[in-house]
Amino acid sequence: MSDKIIQIKDMNKWFGDFQVLKDINLDVEKNKKIVVCGPSGSGKSTLIRCINRLEEHQQGSIIVDGTELSENTKNIEQVRAEVGMVFQQFNLFPHLSILDNCSLAPIWVKKMPKKDAEDLAMKHLEKVQIADQAHKFPGQLSGGQQQRCAIARALCMEPKIMLFDEPTSALDPEMIKEVLDAMVNLAKAGMTMIVVTHEMGFAKEVADEVIFMDEGMIVEKAATNEFFANPKSDRTKLFLSQIL
Amino acid sequence: MIKLSKFTKVKKENYLRNLSFGLILIFLCITDFILKFSLNINFTNFLPNILNLFFPLILGVIGLYLIRAEYSGIKLLDTLNKNINTSNFNAILTLLIIFLIILVIPPSLDWLIINANFTGETKEECINDGACWTFVKVWLRRFIYGMYPDQFHWRINTAFIVLLALAFVGYIPGKKLKKLLPLYYVIIYPIIAFLVIYYLISGGSFGLEWIDTGSWGGLSLTFIVAFFCLIFCFPIGVVLALARRSPLPTTRYIAVGFIEFWRGVPLITVLFMASVMFPMFLPDDLFIDKLIRVIIAISLFEAAYVAEVVRGGLQALPRGQYDAAKSLGMGYWKMHIFVILPQALKFVIPGIANTFLALVKDTPLIFVVGLADFVGMITMAKANPQWLGFVMEGYVFASIVFWIICYAMSRYSYNLEEKYKTER
């Protein structure tokens with residue numbers, strides 16, 4: 001029980017009349033890496049956005065690190081501070097330098113002294129190998145560098161869980177590798193990760209479990225080897241045959 | 001007429017010859033125009049009427065056609081060709097503008113400067129045909145200080161110098177104090193400004209004689225009203241814009257109601273309400289000075305406009321910025337102060353500058369409720385029996401002063417735009 005850091009039970013979500021997520025049940029254990037894949041519009045992004053409540057669910061329960069997410073959650077900011085997120089469109093703050101992007105939240109959310117926050121930021125920027133760009137602005141960096149900065153920014157909050165929402169989909173093919181490398185390193189360091197991605201190579205390399213979603217439902221959930229070697233449902237087979 | 005067709009088939013190889021010929025034609029065109037329309041000498045009246053009228057234009061178009069070339073090697077000429085002489089249509093527009101300038105500028109200069117009167121103390125000393133700047137000279141102190149007693153003008157001067165000096169505080173401090181600057185400009189500076197103006201210009205303590213706001217006026221009053229309205233309406237506007245996008249329905253409806261109310265009412269009505277109606281609803285023993293009432297009214301009025309401009313900026317921000325800030329654990333206020341507003345306000349600098357310029361130019365309206373600002377003083381001066389008939393000078397002077405103020409503000413806003421420009 002204690003090592004289940006995320007517990008989602010019978011969760012349903014609608015956008016207006018349209019049901020995007022149907023009866024989602026998902027437990028994530030600490031230090032596990034989960035890859036979520038599926039065709040576009042299948043609700044993958046919505047699912048992980050529900051985990052830090054960027055989207056609200058209407059039915060069922062989501063418990064993140066012992067805190068249930070609901071309308072009454074007063075300390076939603078605390079939960080979010082523990083859940084880092086990396087977006088498809090990077091979403092760096094364009095008016096702040098790379099260093100300030102990374103140190104902003106530690107300073108103002110965690111009340112860290114400015115000096116410490118900047119040291120921490122530099123440490124994480126070094127990990128993703130863009131420490132030399134620290135004083136530039138996001139607009140001056142390539143897409144891959146921006147996405148690595150976004151990873152560093154999320155890591156600066158020292159989260160327990162990292163969510164990745166198609167982190168490589170907006171990148172040029174050449175830059176995908178540098179971002180994936182950063183993510184692989186993070187995975188090896190033992191972070192709990194939920195990654196929405198179409199990079200099956202990455203999934204094979206780091207994932208403990210792969211989830212296949214279609215039309216708002218979890219169609220298949222299996223250990224990585226099992227998932228690729230013998231997919232059970234026909235929908236998964238079809239998807240894999242198209243993507244591999 | 002036969003020759004004309006020859007001109008239109010000019011061979012561009014003989015460019016130097018065309019150039020000299022073209023320049024002569026343009027020179028002739030301008031000379032003919034000046035002779036015809038400025039000096040009323042018509043050398044071409046042997047031509048049919050319409051041709052006679054358009055003769056300079058035709059000469060000019062042919063001239064410009066001759067000197068038009070892709071590349072001539074002469075830098076000035078190439079720049080001109082590229083910018084004002086790209087086609088026959090552009091050539092005609094260029095010529096028309098040149099003609100307009102010739103028609104307008106010399107007579108204006110003549111009236112404004114060459115034939116104007118600068119000396120003397122009375123109306124009778126204005127003997128030249130041009131403007132009588134003596135009027136402005138004699139009344140200048142009134143235009144600037146209103147009915148404020150002459151011997152106390154130093155108090156207004158000192159107050160303005162102090163306020164101006166304090167406004168530049170932002171350039172002094174090092175990095176450590178930099179983050180306190182918004183606080184200083186939004187809260188501390190207005191309070192200091194109010195105290196300075198209250199104690200120095202109003203007086204009443206420290207041995208300074210009390211001067212009622214009724215006798216304030218002129219350009220100094222314009223500045224005071226515009227200054228306070230600007231610094232009040234901006235924060236109110238920003239808060240209204242945020243409230244209008246608030247997830248809480250009550251807050252949102254109050255903001256919408258407030259904004260739509262003030263935007264739907266003419267400023268002049270607002271001023272009358274503030275000066276005439278509002279005191280009736282106050283208890284007898286409570287008195288709020290008319291100037292303060294008017295400043296509050298204008299601030300609230302303009303805040304509604306600022307709110308809508310800022311809302312535009314907030315809506316222009318991609319949703320991802322909100323998501324990213326939230327995902328880092330920032331609450332509503334932290335997200336807005338550090339992430340959303342810095343970007344949104346940057347987007348809306350042109351819109352805010354627009355609103356502020358409109359505000360400055362709206363201030364003369366306070367004359368209708370009996371506060372004689374700069375334009376109000378001019379209106380009063382021109383009605384003075386000894387100085388009847390100088391409406392033109394007064395209003396031209398007002399236009400020049402307002403233009404200088406507004407142009408300075410507009411340049412400043414461009415500078416801000418440049419300074420805070422970031423790549424996305």
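Keep in mind it's a predicted model, so treat the numbers as computed, not measured. All heavy atoms count here, side chains included; hydrogens, waters and symmetry mates do not.
With salt bridges taken as basic N to acidic carboxylate O contacts below 4.0 Å, one links Arg244(B) and Glu260(B). Using a 4.0 Å cut-off between charged nitrogen and carboxylate oxygen, Asp119(A) and Lys115(A) count as a salt-bridge pair. The pair Glu209(A)-Lys32(A) does not count as a salt bridge, with every side-chain nitrogen at least 4.0 angstrom from each carboxylate oxygen.
Heavy atoms of Phe87(A) lying under 4.5 Å from chain B belong exclusively to its side chain. If you measure heavy-atom distances from Arg49(A) to chain B, the contacts under 4.5 Å come from the side chain alone. Residue Lys334(B) touches chain A through its side chain alone, counting heavy-atom pairs closer than 4.5 Å. Interface remark: Val83(A) contributes backbone atoms only to the contact with chain B (heavy atom separation under 4.5 Å).
When every heavy atom of Leu120(A) is checked against every heavy atom of Glu158(A), the shortest pair comes out as CD1-OE2, 3.6 Å.
Using bins of under 30°, 30° to 60° and over 60° for the plane-to-plane angle, the ring pair Tyr407(B)/Trp403(B) lands in the parallel bin.
In terms of heavy-atom pairs under 4.5 Å with chain B, the best-connected choice from Arg153(A), Met157(A), Gln89(A) is Arg153(A).
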